Amino acid sequence: MEAFDYLAPHSLLEAYAALGNGRRSLMLAGGTDVIVQLREDRRHCDQLIDLKHIPEMMSMKLTPEGRLEIGAAKPLAEIYEDGEIARRFPALIDSATIIGGTAIQSRASFGGNLCNASPAADSAPALMALAARLVIGSSRGTREMPVEEFFLGPGRNALQPDELLLQVIVPAQPAHSGAFYHRFIPRNEMDIAVASAGARITLDAAGERIESVRVALGAVAATPLMVAGANTAVVGKPPTAETFALAGQAAAELATPITDMRGSIAQRKHLASVLTVRALEGALLRLRENH
Amino acid sequence: MTTTERSPYKVIGTRPIRPDGVEKVTGKAQYGADVRLPGMIHGRLLRSPHAHAYIRRIDTSAAEKMPGVLAVLTHHDFPAARDEMQELGEGAVNLKELSDNILASDKVLYRGHAVAAVAALSPHQAEEALKKIVVEYEVLPPVLDVMDAMRPDAPLLSETRFTREMTGQKSEKPSNIASHLQFKSGDVEAAFAEADAIVERDYTTKMVHQGYIEPHNATASWNADGTITIWTSTQGPFVVRAQVAEVLRHPISTIRVIPMEIGGGFGGKIPIYLDPVAALLSKKSGRPVKVLMSRTDVFEASGPTSGTHIALKVGVKDGVITAVKADLAYEAGAYAGSPVGAGALMMLSPYNIENFQIDGYDVVVNKPKTSAYRAPGAPAAAFAIESALDELAHKIGADPLELRKKNTAREGTRRVDGTAFPRIGHEECVDAALNSAHYRSPIEGPNRGRGVASGYWINAGMQSSVVAAVNTDGTVNLIEGSTDIGGTRASLAMQLAETLGLPFDVIRPTVADTDSVGYNDVTGGSRTTFASGMAVHEAGLDIQRQMRERAAKGWGVAADAVSYADGRVTLKTDSETKELSFAEIAKKAASTGGPIVGRGSLTARGAGAAYATHIVDVEVDPDTGKVTILRYTAVQDVGTAIHPSYVEGQIQGGVVQGIGWALNEEYYYDDDGRMANSSYLDYRMPTALDVPMIDAVLVEVPNPGHPYGVRGVGEVPIVPPLAAIANAIADATGHRFTSLPMSPRRVVEELHGLS
């Protein structure tokens, strides 16, 4: 590991100034990825900027309208230990509780998990299914984008060199909807997704027809994938096994996985379908339980 | 649970808290990485990025100028090694190859092969300096699979390696096949011709690692007087001493090895990797040097066990296994020395089979040099034979355990090498399995299945030496030289307490360094509780004798007039009974002849073989291919369980490693010979959440070769699980898996015809 400087700005302005000083910077939130990568020579920097002393980065707010705003460096444990958030956004908790173990979750953040831009990041398909948006800031101002547009490739995200990911915004969820996220791992813990799927299902007021679904996949392409075809395949249909199988088929067709030590192309395409169907079943179950 | 109803022992068979327990659970115990010495600096190794290449040039000049660097090392700093074999206890090693494996000389033979080393004030400075070392490689095509390596046109790891036959003959052309062995008896072809049913299959297993939690480590101080002190975690400090002496050509008596606590070994901490490097870096820098491996180093450059290919044909007639033909090819890694010989020897040992031909091939490949791993060679061989027997049982409509019982080896049955078995307990294991609540319970529900398998391990004896010094307060210091991996401080102290008729907690065991106790072979081969236990028993008898002599002298009678029992010396005559307790004699030692010290030093003979029969229930998710272990029962003949909890722990640990081997663990290589999963994230050993409580059933058929009937228990539990799980998956899915691991990927691809 090369030597680097440690900076701990106390405001966004200070952080932006540090980002503009011409040196190679990396952000430190929980550090559960970046420190390991620095130690293993997979990333290099002149300065590590700790974001945890900036109030905006550590904030969390649930608006009266039911919109959730999470500071990008907020530890996962503080999110899933909030009973009201857990009740309203169980799919978010599905992912927050499986990113690393308990010790990791007391430091790791959604912001860090997203910025690390692993195709297998557990936060991504869950947030995509929930139609979450990201707030990005720099000395030039702020901008917003849907989560699914944030990923450019393995380890690459849409941030410009002078930008910070500030907030994850989960909008109030539609009436008659339920969401679910899960992954397939060969073991039962301490593992990384071979493939994963998040799904949200919204039914009509009668609960008989599908109004829309949002299906997102992890670890089956160079970036997390939004499966638009799943919605097309099922909209207007009853929420049955046959209908869900169509969504699964759309997911498998869209997936462009690789073969590596975690799984094969054939296995991952197959899992894309299986996990999509099971995620929709899980989402439907939650929807029914809430009504 | 245990099948023994009434024990003749007072201490043996109880479950006291281990002497090293408090230090370990409070984090006070000192492991290799905890060594900190005044002035100590840090060594790191540069490793080959290529799986197979000539080293044309190494330039260390830029590294030597890096900040904090005090020493740089290459193979040129090593003395020329002798091209001869040295016995390590659980395998032997060629000294030239040992030296080349520690720091490569002319050729790198696997990715991760060490080529140079740096010592610097901080580990980070050492790592940065490594990047400045220039190595010119001439890259060669690697050969990574045992079957590929055996082809006549395969790239050769060495131009001077020829295939050695058991007769001593050598092949005409150089080959990657280092040796060929054969066990043969009867008329195999005639028996196949008459068989009712035959199963013929090819079985493969991948290279797997022991997976000990603690990485390899060594700290060395090359002292001003030319002596060397080494602190390391090892299964055998005396074997470290011997290897370091040979590699450095330094007198053995000037090397002192201090064994630290060891965070797992399973056979992998018998060879040396870092110790001579630390010693020479210390010599060059004038400082103590600590060298640690990273987890990736451990995977890429320590001693995993072989990937294997076994072609097997088995025939039965009237329910009797009449013929076996087997070709075993085992990867040795970069240098010769796979456990194929053990695999061939163990494979059929649970059974009495008249006609067999077993051929074994020891094959070098561009992977790390394999080392011992818990029952080395036996699990892959058992995977093949026990899978085939399961298929045969189905073919002939026999219960798989009844087939094993009908064909069981017993006292007098000859092993494939012709040795007749003494009293053994395989049949008792099968009977206990047949009668177990597990086997009698139904296996119900979709996608569920049950499998069984047996296994054998030979167990070792070898040399042990202990000293037991009686303190004036009636306690005893037990000085032993066997490093404690599996609770042997406890099991040895318990045997001494039993011998002396004393309570367990008055025995205070210490694992001593190589300057402080007689020679001891490695803690390996399931030998320590057995062989060091015999030495401890001998030391106890020695103390008994001295106590009888002293008491007799005080009473003015001959020593053979008094007896020792239950911690007391007794003189019984017609008129009176005189007694002295152990503590009373100990207290008066100064006035009766000085300190009382017992010794036990021996080469242990009569190691009793271990047998096991396992039952497992699984459920297979047909959509994902994931196998869940629902229930596991491991029946084992343990001879006498000295400390039943630690025996059960050994059995459970072995089973868990077997589950990992069966389901997920493998060295996953890319085409360039790079292991792609050299971390615990991607090398998927089971976690506590992946295994059920494993029910250990202790069958006690005492070993006649040990005063307390001890058989080694540590290794055989890893032998049956591979096949037992494959058999259970076959029962659950109707698909027979003959290649490991049976990972979700392979299972789902097979069930859905995906690949």
Side-chain angles (χ1 to χ4, degrees), chain A residues 1-4 32-33 35-42 44 98-102 104 118 120 182-197 219 241 244-245 248 252 255 257-279 281, chain B residues 44 67-68 122-128 130-131 206 294-296 621-629 659-660 663-671 674-692 741-755:
Chain A
M1 181 165 67
E2 291 171 36
F4 54 79
T32 57
D33 281 318
I35 297 290
V36 177
Q37 290 162 355
L38 284 165
R39 289 181 73 110
E40 293 180 352
D41 270 339
R42 286 152 60 198
H44 300 90
I98 60 173
I99 297 172
T102 305
I104 296 290
S118 162
H182 67 153
R183 65 182 178 187
F184 178 74
I185 54 175
R187 295 184 289 192
N188 292 321
E189 254 300 348
M190 272 182 63
D191 222 327
I192 192 164
V194 174
S196 65
F244 290 168
I258 57 168
T259 292
D260 66 6
M261 68 282 188
R262 291 172 189 156
S264 68
I265 290 171
Q267 176 197 15
R268 283 174 158 142
K269 282 184 88 74
H270 174 81
L271 285 175
S273 169
V274 169
L275 296 178
T276 293
V277 170
R278 290 185 179 180
E281 288 168 353
Chain B
R44 288 290 185 274
S122 87
H124 303 303
Q125 287 174 323
E127 281 164 16
E128 291 306 308
L130 290 180
K131 295 177 190 166
K206 298 285 191 181
S294 70
R295 181 63 59 196
T296 291
D621 183 332
D623 292 334
T624 66
K626 185 164 171 172
V627 175
T628 300
I629 307 289
I659 290 171
L663 293 183
N664 280 304
E665 292 179 40
E666 63 176 310
Y667 271 50
Y668 186 97
Y669 280 92
D670 66 19
D671 293 339
R674 188 183 73 92
M675 184 190 181
N677 61 334
S678 62
S679 75
Y680 276 157
L681 177 62
D682 287 317
Y683 183 85
R684 292 177 169 126
M685 292 168 62
T687 73
L689 296 174
D690 299 313
V691 294
M742 297 172 286
S743 61
R745 168 184 170 177
R746 295 217 173 81
V747 173
V748 82
E749 286 178 351
E750 167 72 19
L751 297 186
H752 293 266
L754 293 179
S755 57

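Predicted model, so just to flag it, every value in this text is computed and none were measured. Below, chain A is the first sequence line, B the second, and so on; all start at residue 1.
Atoms CE and OG, from A/Met261 and B/Ser743 in turn, are 14.0 Å apart once rounded to the nearest 0.5 Å. Taking CD from A/Gln267 and CD from B/Glu749, the interatomic distance works out to 6.5 Å, rounded to the nearest 0.5 Å. A distance of 4.0 Å separates NZ of B/Lys626 from CG of A/Asn188, quoted to the nearest 0.5 Å.
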Show, in sequence, the C-alpha distance, side-chain angles and deciding distance for B/Asp621 and A/Arg278, and conclude whether the salt bridge (charged side-chain N to carboxylate O under 4.0 Å, His left out) test is met.
CA-CA 13 Å; B/Asp621 183 332; A/Arg278 290 185 179 180; 3.1 Å; yes
Verdict with supporting geometry, A/Val274 and B/His752, side chain to side chain contact (heavy atoms under 4.5 Å, CB included):
CA-CA 12 Å; A/Val274 169; B/His752 293 266; over 6 Å; no
Could you walk me through whether A/Asp41 and B/Lys131 satisfy the side chain to side chain contact (heavy atoms under 4.5 Å, CB included) test, starting with their C-alpha distance in whole Å, then the side-chain angles of each, then the deciding distance to 0.1 Å, before giving a yes or no?
CA-CA 11 Å; A/Asp41 270 339; B/Lys131 295 177 190 166; 2.9 Å; yes
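For the pair A/Arg187 and B/Pro686, the tightest heavy-atom approach, listed with the atom from each and the gap, is CD-CA, 4.5 Å.
Heavy atoms of A/Val277 lying under 4.5 Å from chain B are absent altogether. Looking at B/Tyr669, there are no atoms closer than 4.5 Å to chain A (heavy atoms on both sides), in backbone or side chain. Contacts of A/Glu40 with chain B are absent, with no heavy-atom separation under 4.5 Å from either backbone or side chain. Contact annotation for A/Ile192: both backbone and side-chain heavy atoms come within less than 4.5 Å of a heavy atom of chain B.
If you tally non-hydrogen atom pairs under 4.5 Å between each of A/Ser273, A/Ala3, A/Ala266, A/Ala195 and chain B, the highest count goes to A/Ala266. Interface check for chain B: of the options A/Asp191, A/Ile185, A/Leu271, the most heavy-atom pairs under 4.5 Å are formed by A/Asp191. Contact tally against chain A (heavy-atom pairs below 4.5 Å) for B/Leu689, B/Asp623, B/Val627: the top residue is B/Asp623. Between chain A and the options B/Asn664, B/Thr687, B/Leu681, B/Leu663, heavy-atom pairs under 4.5 Å are most frequent for B/Leu681.
Applying the salt bridge (Lys or Arg N to Asp or Glu O under 4.0 Å) rule to pairs touching residues 257-266 of chain A yields A/Asp260-A/Arg268, A/Arg262-B/Asp682, sequence neighbours excluded.
Crowding of A/Lys269 atom NZ: a count of heavy atoms from other residues, nucleotides or ligands under 6.0 Å exceeding 12. Heavy atoms from other residues, nucleotides or ligands lying under 6.0 Å from CZ of A/Arg39 number 12 at most.
Annotation: side chain of A/Met190 is not in contact with side chain of B/Asp690 (no heavy-atom distance under 4.5 Å).
Remark: A/Asp33 engages no residue in a salt bridge (Lys or Arg N to Asp or Glu O under 4.0 Å) (not counting sequence neighbours).
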